[in-house]
Amino acid sequence: MRARDVPGRDVGPDVRVQFTSLHGRVVRSLALGGDRPRSTPLVVILPGLGLPFYTIPTARAVAARGLACTVLDLPGFGSNLPRPTSPSIHAAGLTAARWIEAETAGHPLVVLGHSTGGQAALTAALALSVRRRDFSLVLAGTTFAPEQRRLHRLARATPFAYRDDRLDQIDPVEVYRGRAGIVAMIQSGLHDAPEERIAHLPVPVTVTAGVHDAFVPVTWLDQLAGSASRAPSVRTSLLGGSHNNLFTHPDDLADLVVLAAADALAPPAG
C-alpha cells in the first residue's frame, strides 16, 4: 500500500465524519455531540496548519459539556479527497465561512481557531459578521507575534513553544498529506497581521494561549485583545500547557469555550 493511501489515525467511534459540497468542492468535517436542538450552541474548530487530529480531545470535551462541535478539515490534509481550498489562512477562513453559512443556520455559534487556524478563524469571523452577529470568536495560540514574522526568529521560538506537548498529538499521515501545503500555510501566516484585522471585528472575542507557549508571549496576547476595539466584549486567558494545549489540556479549553458560547447567546449591545 502506498503511503498516500494509508488511512490516518482513528479518531474514535464517537466522531462522525461528514461531507459538505460547497461550490463544487467537498469539505470534510468531524462532528461530535450532534442531534441536539438548534438552540444548542455549535462550536466550529479550525485546526492549526490544517492538521485536525490533535483538536479532537478538545472537541470531545466541548461535546461533554452539552455543546455540539465540528472540526473542519481545512485546507484538507485529513483525507485523500481533493482539497476544497488552497493552503492559505485566508482561503481556509473564507471556505470555513461558507461552510458555516450553509450548515449552521439557527445555531448560536462559537468559531474556535488554533494557531494558524486562529488566523483563518478571524478571516471567517470577519466575513460572517457582515450578515450575522449571533456568534463569538475564540483565538487560541494565535500566530504569529510580530517579532516572530521572520523564519529565523520563528525557528528560535519553536523549540520552546511545544515544551509541554507530546508526540502522540500528531497524525503522521496528515503531516505527510500536507507536506508543501503546511509550508504554504506557515508562509501565509507570516504575512498576516491579525492585530490589524481584529480591530474590525464586531462580535465577542476570547484570546487565549498555553502559559508555556513561546509562540504567544503575554505581550502578544495583550496586543491582540487590546486591538479588538469594536468587539462588544474581550476576554483573555492563560491556560495550562504550551502551544498545542487543545490536545494536552482539553478541559481547560472546553471550559473557556462554554463562556464564549454564553457570549454568543448574549443580546447585542445597544
Side-chain angles (χ1 to χ4, degrees), residues 1-15 17 28-32 44-62 69-81 83 85 87-89 92 96 112-121 139-144 148 151 154-190 208-216 239-254:
M1 183 178 288
R2 292 172 295 179
R4 65 174 176 270
D5 298 323
V6 174
R9 293 175 63 183
D10 184 11
V11 293
D14 56 329
V15 179
V17 181
R28 176 178 174 267
S29 59
L30 307 172
L32 296 95
V44 177
I45 299 180
L46 278 71
L49 298 181
L51 304 174
F53 178 81
Y54 78 94
T55 68
I56 296 299
T58 285
R60 192 169 278 128
V62 165
C69 190
T70 296
V71 180
L72 296 185
D73 182 6
L74 292 173
F77 303 154
S79 79
N80 293 320
L81 290 171
R83 292 178 190 167
T85 187
S88 77
I89 59 167
L112 165 59
H114 175 252
S115 193
T116 55
Q119 294 171 273
L139 299 177
T142 303
T143 48
F144 292 101
Q148 295 176 4
L151 282 174
L154 182 62
R156 283 203 298 266
T158 297
F160 305 100
Y162 299 97
R163 68 187 76 177
D164 294 340
D165 290 308
R166 308 192 329 234
L167 290 176
D168 61 342
Q169 69 190 0
I170 297 299
D171 180 353
V173 176
E174 291 179 352
V175 175
Y176 176 82
R177 290 194 188 108
R179 299 195 305 283
I182 292 173
V183 175
M185 290 289 287
I186 294 171
Q187 291 173 332
S188 174
L190 288 171
T208 181
V211 66
H212 295 149
D213 185 355
F215 288 150
V216 189
L239 301 177
S242 50
H243 190 57
N244 282 354
N245 63 352
L246 272 73
F247 188 86
T248 58
H249 291 72
D251 290 317
D252 289 353
L253 264 297

Under 3.5 Å, side-chain donor or acceptor atoms of residues 182-189 against the rest of the protein: list the pairs with distances, not counting sequence neighbours.
{"residue": "Ser188", "atom": "OG", "partner": "Ile89", "partner atom": "N", "Å": "3.1"}

With side chain to side chain contact (heavy atoms under 4.5 Å, CB included) as the test, would you mind laying out the steps for Leu30 and Val17 before giving the verdict?
CA-CA 5 Å; Leu30 307 172; Val17 181; 3.8 Å; yes
Looking at the rings of Phe215 and Tyr162, which for Trp means the six-membered one, are their centres under 6.0 Å apart?
yes
Give me each pair satisfying salt bridge (Lys or Arg N to Asp or Glu O under 4.0 Å) with a member in residues 69-79, each pair once, sequence neighbours excluded.
Arg28-Asp73
Nearest atoms (heavy-atom pairs only) where Leu253 meets Ala140
CD1-CB, 4.4 Å
Using 0.5 Å steps for rounding, measure from the CG atom of Asn80 to the CZ atom of Arg177.
4.5 Å
Heavy-atom closest pair (Arg83 atom, Pro87 atom, distance to 0.1 Å) is NH1-CG, 4.4 Å
Donor-acceptor contact below 3.5 Å, side chain Ser242 vs main chain His212
no
Could you measure the distance from the CG atom of Leu49 to the CZ atom of Phe77? Nearest 0.5 Å is fine.
8.0 Å
Look at the side chain of Tyr54 and the backbone N and O of Pro47, then say whether any donor-acceptor pair between them is shorter than 3.5 Å.
no
Looking at Gln148 and Ala214, would you say the former's side chain and the latter's main chain have a donor-acceptor pair under 3.5 Å?
yes
Taken to the nearest 0.5 Å, the spacing of Ile56 CD1 from Gln169 CD works out to 13.5 Å
Say you draw a straight line from SG of Cys69 to CG of Leu32; how long is it, rounded to the nearest 0.5 Å?
6.5 Å
Considering all heavy atoms of both residues, which atom of Ala120 and which atom of Leu46 are nearest to each other, and what is their separation?
CB-CD2, 3.7 Å
Find the distance between CG (Asp14) and CZ (Arg60) and round it off to the nearest 0.5 Å.
4.0 Å
Can you name the closest pair of heavy atoms from Arg9 and Pro172 and give their distance?
CD-CD, 4.2 Å
Test side chain to side chain contact (heavy atoms under 4.5 Å, CB included) applied to Phe53 and Val11, step by step:
CA-CA 7 Å; Phe53 178 81; Val11 293; 4.0 Å; yes
Please step through side chain to side chain contact (heavy atoms under 4.5 Å, CB included) for the pair Thr85 and Leu74, ending with a clear verdict.
CA-CA 7 Å; Thr85 187; Leu74 292 173; 4.2 Å; yes
Could you work out, with side-chain hydrogen bond (donor to acceptor under 3.5 Å, both in side chains) as the rule, every residue matching Ser115, not counting sequence neighbours?
His243
d(Thr58 OG1, Asp251 CG) to nearest 0.5 Å is 8.0 Å
Look at the side chain of Thr143 and the backbone N and O of Thr116, then say whether any donor-acceptor pair between them is shorter than 3.5 Å.
yes
For Gly240 and Asp252, work out which heavy atoms get closest and say how close.
N-OD2, 3.5 Å
Hey, are the side chains of Leu51 and Val175 touching, using non-hydrogen atoms and a 4.5 Å cut-off?
yes
Spell out, as yes or no, whether a donor-acceptor pair under 3.5 Å connects the side chain of Asp213 to the backbone of Gly141.
no
Closest non-hydrogen contact found for Ala96 with Leu72 is CB-CD1, 3.8 Å
